[in-house]
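Just below is one structure, and these are the notes that go with it.
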Amino acid sequence: MAVRLLKAFALSLDQAEDAFDPIYSGEPNHRMKIVRYPGRDTTGGDQGVGAHKDGGFLTLLLQDDNKGLQVEYDGSWVNVDPIPGTLVVNIGELLELASNGYLRATVHRVVTPSAGVERISVPFFFSARLDATIPLLTLPEELAAEARGPASDPDNPLFRDVGTNVLKSRLRSHPDVARRHYADLLETRASPG
Ligand SMILES: O=C(O)CCC(=O)C(=O)O
Ligand SMILES: [Fe+2]
């Protein structure tokens, strides 16, 4: 399903439908995880997952019946309430880079469930080969006119080198682990490219 969607995105950008194939074929860094959010009575706060963009091409997300996921739209947070039988599709950073910011990666976060409620979600991150570099696609004029360039957030630089971008996402998602075990990497991270 992710491949079909990515091909549809390529077509919508006026590219060949297989334009992204070489970037993820072979040994792509796709990941899937099961995430458990205990209720507020356990966590003592409302921070589930802080605001972020996913680092791959696309994320397909299965939610259970419990609310919590929010996406940023026009500067406010919008609830993405679960709809049975559906998956949430988030645009990731690699599509933002390839489309020069015509497509923006979805900024999203998760708020901790109420006391006594536990939420489970299963995201599938459709990513790319770690040794691939994301090309800058030539967009048709009408789309290029609306491409704002990839976001230049100093707190979240986007890297065309897929391996570097994956490492950045990992260090950002788990800052405590990064500080403890990979302090040298935090120091020497390359600058955006
Ligand atoms: O649990 C969710 O709904 C989203 C999780 C998420 O954003 C992530 O793991 O990147
Ligand atoms: Fe995410």
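Ligands are counted one by one from 1 in listed order, and the atoms in each one are counted from 1 as well. Nothing fancy with the numbering, it's 1 onward along the sequence.
Residue His108 approaches the Fe ion (ligand 2) most closely through its N/O/S atom NE2. Summary: OD1 is the N/O/S atom of Asp54 found nearest to the Fe ion (ligand 2).
The distance from ligand 1 to the heavy atoms of Val110 drops below 4.0 Å at these ligand atoms: 1 (O), 2 (C), 3 (O), 4 (C). The distance from ligand 1 to the heavy atoms of Phe125 drops below 4.0 Å at these ligand atoms: 8 (C), 9 (O), 10 (O). For ligand 1, the atoms lying closer than 4.0 Å to a non-hydrogen atom of Lys33 are 9 (O). The ligand atoms of ligand 1 that sit less than 4.0 angstrom from a heavy atom of Tyr37 are 1 (O), 2 (C), 4 (C), 5 (C).
Within 6.0 Å of CD on Glu142 lie more than 12 heavy atoms contributed by other residues, nucleotides or ligands. Heavy-atom contacts from other residues, nucleotides or ligands closer than 6.0 Å to CZ of Phe124 number more than 12. The environment of NZ in Lys67 is sparse: at most 12 heavy-atom neighbours from other residues, nucleotides or ligands sit within 6.0 Å.
Between Arg172 and Asp155 there is no salt bridge, since none of the side-chain N atoms of the basic residue sits less than 4.0 Å from a carboxylate O of the acidic one.
The aromatic rings of Phe126 and Phe57 lie tilted to each other, with the angle between the two planes from 30° to 60°.
In this structure, CD on Glu93 lies 7.0 Å from CG on Leu97, to the nearest 0.5 angstrom.
Of all protein heavy atoms, the one closest to atom 3 (O) of ligand 1 is Arg119 NH2, 2.8 Å.
Ligand 1 does not have Gln63 within reach: every non-hydrogen atom of the residue lies 4.0 Å or more from it. A heavy-atom separation below 4.0 Å is found between Leu61 and ligand 1.
Contact annotation for Val88 and ligand 1: no heavy atom of the residue comes within less than 4.0 Å of the ligand.
Close N/O approach between His52 and ligand 1 is found [any backbone or side-chain N/O within under 3.5 Å].
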- [ ] Apply salt bridge (charged side-chain N to carboxylate O under 4.0 Å, His left out) to Lys53 and Glu96, showing your working.
- [x] CA-CA 10 Å; Lys53 298 172 174 179; Glu96 177 165 339; 3.2 Å; yes
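Asp54 and His108 are linked by a side-chain donor-acceptor pair at a separation below 3.5 angstrom, with hydrogens and angles left out of the test.
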